[in-house]
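A short worksheet on the structure shown next.
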There are 2 protein chains.
Amino acid sequence: MHTAAAHATKLELTKSQIVIAPQTAGLFRANSVTTFNAGAEIYAPGDKAGTFYHVEFGAVRIHRLLSDGRRQVIAFHLAGETFGFEADRTHSFFAEAIAPTGLRAINRTANDQALPELLSLALRGMLRAQEHIMMIGRQTAVERIAGFLVDMAERQGGLEHFDIPMTRLDIADYLGLTIETVSRVFAKLRSAGLIKLRSIRCIEIKKHEALRSLCA
Amino acid sequence: MHTAAAHATKLELTKSQIVIAPQTAGLFRANSVTTFNAGAEIYAPGDKAGTFYHVEFGAVRIHRLLSDGRRQVIAFHLAGETFGFEADRTHSFFAEAIAPTGLRAINRTANDQALPELLSLALRGMLRAQEHIMMIGRQTAVERIAGFLVDMAERQGGLEHFDIPMTRLDIADYLGLTIETVSRVFAKLRSAGLIKLRSIRCIEIKKHEALRSLCA
DNA sequence: CGGTCCGTTGACGTGACTCAAGTTACGTGG
DNA sequence: CCACGTAACTTGAGTCACGTCAACGGACCG
């Protein structure tokens, strides 16, 4: 199974401190921005939780490995999104940058005014996870890819073309498919004229409605 | 596909009011208990959200249908658990009793003292959903069933045998499988001596460790 | 005691996986 | 700038886990 156990053999886990004008995000106490190279680990299962991260630029994947190397990507977080909250005191997933990424760490203050905001984020995260379950539980490969592309398009502001920061392997592990299936479905959508691959990571949606109608 | 679109053709949606001694649950304002028959709808997509439900007895399934009838069960809630929180003002799933069930409705008060409690529930719900993604995204049928049985055993207090309130179809739709596959895997686990089916809905785990080792 | 729902089992089909062989994109050093 | 090595992606052929279709058995209920 092509599910990147190899990836676990750490890349260059560089993490450089770059201070950018601190700007308060909501009611949290915001810190400076830290940049991560592609592949760099942000946290791992077992790490102490309690800090949230606001994506300033770049993208992050949240995932977990099974003992035999099978990998499931739980979520992608793009610029403008916040992640890192956990039910327990320690993280239960990996968070890694999937491109050069800037994160603003946000320390949860002891007695938060920000609870409603945090609750909203948690509920939204729960909903997202539930829709993800729907997708990988009951949809075909084509439906999953179509849904993924529509989602990405919307999260990038609905432009007619956009770059995806993740590899085919990341997409496969997010959708519960293999890299080969992802590649084949892309080819199928392309030859059906629904999308165009401007480059390997730049996707243009040619027939938005047709694509959306595939989402089941 | 055996995924209960037929079920949508409403059963006897009976909902009888029975008042039981009101008892405050946490910091919420708790109401009386309402009982639902098996199959009765508690809420549906589009219904106004904002009320939570504490399961006094019985069990509830949360699910959603695709347009062609494919069904995905998102979660089961057993006695002692709380459900019903949503990111939006309206529900996006069905909630139905899967056995005679008593629910204590809990109205969210305008300016909650209960926010931390609610946040904790939301985070725990998110974690549960994420582990569910892991399960249906990357595990085989045997692994999913084993995981399901271990989970059910733990949630029932870790007894060596327990009743499951849901049908094979509910289990199938929860795990992203078909009813036939569920049945076959049960048969396989039984003939391997890992479990015993005392009756069709009563499961005895004979080799707890062996079962757990199947969970990947 | 007949109908209905639920569950089981078998035979067969197929969508996605596996294995394998390329090709393309990209970074690095000469 | 090109040569090289590596990672990412694509494509094809064959396989398999799970789905589909179908027949049947048991439990419950009026």
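Reminder, nothing fancy here: chain letters follow the sequence lines and each chain counts from 1. The model shown is predicted, which means the values in this text are computed figures rather than measured ones.
- Contact annotation: side chain of A/Arg168 to base of D/dT11, donor-acceptor pair absent below 3.5 Å.
- No hydrogens or angles were tested; on distance alone, a donor-acceptor pair under 3.5 Å links the side chain of A/Arg184 to the base of D/dG12.
- Residue B/Thr167 places none of its side-chain N or O atoms closer than 4.0 Å to OP1 or OP2 of C/dC6.
- Going from atom CZ of A/Phe186 over to atom P of D/dA8 covers 16 Å, rounded to whole Å.
- Regarding B/Leu189, its CG atom lies at a distance of 12 Å from the P atom of C/dT8, rounded to whole Å.
- Positionally, the nearest nucleotide of DNA chain C for A/Arg144 lies more toward the 5' end than for the other of A/Arg144 and A/Ile200.
- The distance from atom CD1 of B/Ile136 to atom P of C/dA16 is 15 Å, rounded to the nearest whole Å.
- Atom pair A/Ile171:CD1 and C/dA16:P shows a separation of 16 Å (rounding to whole Å applied).
- At a threshold of 4.0 angstrom between heavy atoms, the contacts of A/Arg201 are confined to the sugar-phosphate backbone, with no base atom among them.
- The distance between atom CG of A/Leu169 and atom P of C/dC17, rounded to the nearest whole Å, is 12 Å.
- Ion pairing between a basic and an acidic side chain is recognised when a charged N comes within 4.0 Å of a carboxylate O; B/Arg138 and A/Asp68 show no such pairing.
- Ion pairing between a basic and an acidic side chain is recognised when a charged N comes within 4.0 Å of a carboxylate O; A/Arg71 and A/Asp170 show such pairing.
- Taking the six-membered ring for Trp and the full ring otherwise, the centers of B/Tyr174 and B/His132 sit less than 6.0 Å from each other.
- Computed from coordinates, the B/Leu197 CG to D/dG26 C1' distance equals 14 Å when rounded to whole Å.
- At C/dG7, none of the side-chain N or O atoms of B/Ser183 fall inside 4.0 Å of OP1 or OP2 (strictly under the cut-off).
- Among the protein residues, A/Ser199 comes within range of no part of the nucleic acid, since none of its heavy atoms lies under 4.0 Å from any strand.
- Considering only side-chain N and O atoms, A/Thr181 lies nowhere under 4.0 angstrom from the phosphate OP1 or OP2 of C/dA16.
- Looking at B/Glu180, its side chain has no donor and acceptor atom pair within 3.5 Å of the base of D/dC18.
- Remark: C1' of D/dA7 and CD1 of A/Ile98 are 16 Å apart, rounded to the nearest angstrom.
- For the pair A/Asp173 CG and C/dA16 P, the computed distance is 16 Å after rounding to whole Å.
- Atom CZ in A/Phe36 sits 6.5 Å away from atom OH in A/Tyr53 (nearest 0.5 Å).
- Taking a cutoff of 4.0 Å between a charged side-chain nitrogen and a carboxylate oxygen, B/Arg198 and B/Asp163 do not qualify as a salt bridge.
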